[in-house]
Amino acid sequence: MNFIDEAFLEVRAGNGGAGSVSFRREKFIPFGGPDGGDGGKGGDVIFKVNLNKNTLIDFRNTRVFSAKNGKQGSGKNMSGAAAENLVLDIPQGTVIYDDISNEVILDCCEIDQLYTVVKGGEGGLGNSRFKSSRNQAPRKSTPGKEGEVRLIRLELKSLADVGLVGMPNAGKSTFLNKVSSAKPKIGSYPFTTLRPHLGTIQTSDSSYVIADIPGLIEGASEGAGLGTKFLKHISRTGLLLLFIDLYPDENNSTVNQIKALRSELKSYKEDLTQKEAWVVCNKIDLLSDNKLNALQESVPAEVSKLGIENVYFISAATGRGTKELINALTHEINIIKSDLA
Ligand SMILES: Nc1nc2c(ncn2[C@@H]2O[C@H](COP(=O)(O)OP(=O)(O)OP(=O)(O)O)[C@@H](O)[C@H]2O)c(=O)[nH]1
Ligand SMILES: [Mg+2]
């Protein structure tokens with residue numbers, strides 16, 4: 001699988017070049033003064049968001065990234081050249097952590113920004129800098145400063161506004177296929193989706209992003225199924241849609257599925273139950289009208305006891321009910337975004 005959303009790296013900025021010790025030696029100028037130039041600055045290591053990247057795969061095989069050292073200064077007051085910065089492309093939403101302290105160093109979301117993680121050392125001073133009235137011929141210069149070195153961890157946390165959470169087979173990917181141009185694979189077997197997929201909803205005056213992530217099962221926080229590692233991709237969202245399969249089997253009622261999902265969301269490190277969540281009951285095309293009417297009566301009241309007020313009944317396959325859901329989502333996301341602005 002080539003979707004990589006975590007990487008451990010060592011980044012090394014370049015050392016500064018040494019200052020030079022040199023004296024002018026020209027015909028007819030017997031005692032030329034000092035003319036050793038300064039060393040050049042070492043290169044920084046910089047990260048930059050590239051919208052064409054959506055995984056951290058570039059960092060899977062190479063672990064150490066070093067910028068070049070600055071060049072030494074030389075005679076005739078020539079400064080050494082500064083080394084080029086090493087610029088590494090990352091997907092939007094990559095968070096850079098210090099891998100020792102676990103602190104967030106940078107959260108890389110802006111497109112044109114340069115995110116400098118380690119700075120190159122300054123170049124040393126050449127001997128011409130040390131000339132004074134008392135010392136006309138200094139032999140002193142300084143070495144360049146060492147570049148910074150850091151162990152870091154990159155974590156990709158997708159930038160999505162809405163997250164789809166549900167048991168495998170609930171129809172999350174079918175929904176994203178229906179309402180956006182994203183085309184995640186759909187399958188009648190559990191764990192069809194193995195990596196997050198982002199789909200954009202374009203409305204007349206705004207757009208927002210829905211993330212479809214692999215299905216969650218009971219015990220996911222202990223590693224069951226595909227685990228909970230993909231939850232980081234919905235950790236920035238303002239709203240979760242808890243996708244419920246209306247007819248898997250008798251024991252897996254709507255409320256049981258919601259409880260199981262919420263318990264996994266709660267076990268996740270950032271306790272994702274704090275987010276606003278709506279319930280989406282999917283596959284209504286498989287129900288008789290009577291059964292559907294009965295569920296539309298009973299489910300909202302049961303779900304309300306869990307503190308969730310918004311419940312939608314849809315068929316991701318036929319599209320029934322999806323328009324109302326999208327309209328409500330668009331409205332809600334606009335409110336959330338204007339609150340943030
Ligand atoms: N009848 C019916 N079938 C549906 C509906 N939505 C999804 N399905 C079917 O349910 C199965 C699972 O759909 P997916 O969209 O792959 O489900 P998922 O939630 O993405 O599953 P994972 O990726 O495994 O977590 C597929 O066979 C779909 O065709 C629906 O509204 N009605
Ligand atoms: Mg899927």
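Counting starts at 1 for both ligands and their atoms, following the listed order. Positions are given from 1, in the same order as the sequence printed here.
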Subject >> 2.8 Å shell around the Mg ion (ligand 2), exclusive bound, protein N/O/S atoms >> reply: 2

Subject >> Proximal ligand 1 atoms for Gly215, defined as those under 4.0 Å from one of its heavy atoms >> reply: 25 (O)

Subject >> side-chain contact (heavy atoms from CB on, under 4.5 Å) partner of Ile244, chosen from Asn282, Val280, Leu261 >> reply: Leu261

Original post:
Is Phe230 linked to Ile217 within one hydrophobic cluster, defined over Ile, Leu, Val, Met, Phe, Trp and Tyr using a side-chain heavy-atom separation of less than 4.5 Å?
Top reply: yes

Original post:
Nearest to atom 30 (C) of ligand 1, what protein heavy atom do you find, and at what distance?
Top reply: Ala317 CB, 3.3 Å

Subject >> Between Thr203 and Thr330: side-chain donor-acceptor atoms closer than 3.5 Å >> reply: no

Original post:
Which is closest to atom 12 (C) of ligand 1 in terms of heavy atoms, Gly171, Gly319, Ser188, Gly187?
Top reply: Gly187

Subject >> Any side-chain heavy-atom pair of His233 and Leu156 under 4.5 Å >> reply: yes

Original post:
Hey, which atoms in ligand 1 end up nearer than 4.0 Å to a heavy atom of Thr174?
Top reply: 6 (N), 7 (C), 13 (O), 14 (P), 15 (O), 28 (C)

**OP:** Examine Ile314 against ligand 1 and note whether any of their N/O atoms are separated by less than 3.5 Å.
**Re:** no

Original post:
Is Asp212 close to ligand 1, meaning an N/O of one under 3.5 Å from an N/O of the other?
Top reply: no

Original post:
Under 4.0 angstrom from ligand 1, any heavy atom of Gly166?
Top reply: no

Original post:
What protein heavy atom is closest to atom 8 (N) of ligand 1, reported as residue, atom name and distance in Å?
Top reply: Lys283 CE, 3.7 Å

Subject >> For Asp99, side-chain contact (heavy atoms from CB on, under 4.5 Å) partners two or more places apart >> reply: Phe8, Leu151, Arg153

Original post:
Would you find more than 12 non-hydrogen atoms of other residues, nucleotides or ligands less than 6.0 Å from Glu103 atom CD?
Top reply: no

Subject >> NZ/NE/NH1/NH2 to OD/OE distance under 4.0 Å, Lys48 and Asp89 >> reply: no

**OP:** Tell me which protein heavy atom sits closest to atom 25 (O) of ligand 1, plus the residue, atom name and distance to 0.1 Å.
**Re:** Lys172 NZ, 2.9 Å

Subject >> Side chains of Val299 and Cys281 in contact at under 4.5 Å (non-hydrogen atoms) >> reply: yes

Original post:
So which protein heavy atom does atom 2 (C) of ligand 1 come closest to, and at what separation?
Top reply: Asp285 OD2, 3.5 Å

Original post:
Is ligand 1 under 4.0 Å from a heavy atom in the side chain of Ile186, in the backbone, in both, or in neither?
Top reply: both

Original post:
Strictly by modelled atom types, are Asp35 and Ser22 linked by a side-chain donor-acceptor pair under 3.5 Å?
Top reply: yes

Original post:
Side chain or backbone of Pro190 under 4.0 Å from ligand 1, or both, or neither, by non-hydrogen atoms?
Top reply: backbone

**OP:** Return the residue, atom name and 0.1 Å-rounded distance of the protein heavy atom closest to atom 20 (O) of ligand 1.
**Re:** Ser173 OG, 2.8 Å

**OP:** Could you pull out all residues at least two apart from Phe23 that satisfy side-chain contact (heavy atoms from CB on, under 4.5 Å)?
**Re:** Val21, Arg25, Pro34, Asn127, Ala137, Arg139

**OP:** Using side-chain contact (heavy atoms from CB on, under 4.5 Å) as the criterion, list what pairs up with Ser132, not counting sequence neighbours.
**Re:** Arg134, Asn135

Original post:
Can you list the atoms of ligand 1 that are under 4.0 Å from a heavy atom of Leu286?
Top reply: 1 (N)

Original post:
Closest non-hydrogen protein atom to atom 23 (O) of ligand 1, residue and atom name please, with distance?
Top reply: Thr193 OG1, 2.7 Å

Original post:
For ligand 1, which atoms have a heavy atom of Asn282 less than 4.0 angstrom away?
Top reply: 5 (C), 6 (N), 31 (O)

**OP:** Would you please say whether a donor-acceptor pair under 3.5 Å links the side chains of Asp44 and Thr116?
**Re:** no

**OP:** Please report the C-alpha distance between Arg12 and Glu10 in whole Å, then the side-chain angles of each, then the deciding distance to 0.1 Å, and finally whether the salt bridge (Lys or Arg N to Asp or Glu O under 4.0 Å) criterion is met.
**Re:** CA-CA 7 Å; Arg12 310 182 70 98; Glu10 180 177 324; 2.4 Å; yes

Original post:
What protein heavy atom sits nearest atom 21 (O) of ligand 1, and how far away is it?
Top reply: Asn169 N, 2.9 Å

Original post:
Given the rule in the side-chain contact (heavy atoms from CB on, under 4.5 Å) test, do Lys229 and Glu6 qualify, once you have shown the distances and angles that lead to the verdict?
Top reply: CA-CA 10 Å; Lys229 59 182 184 290; Glu6 194 172 58; over 6 Å; no

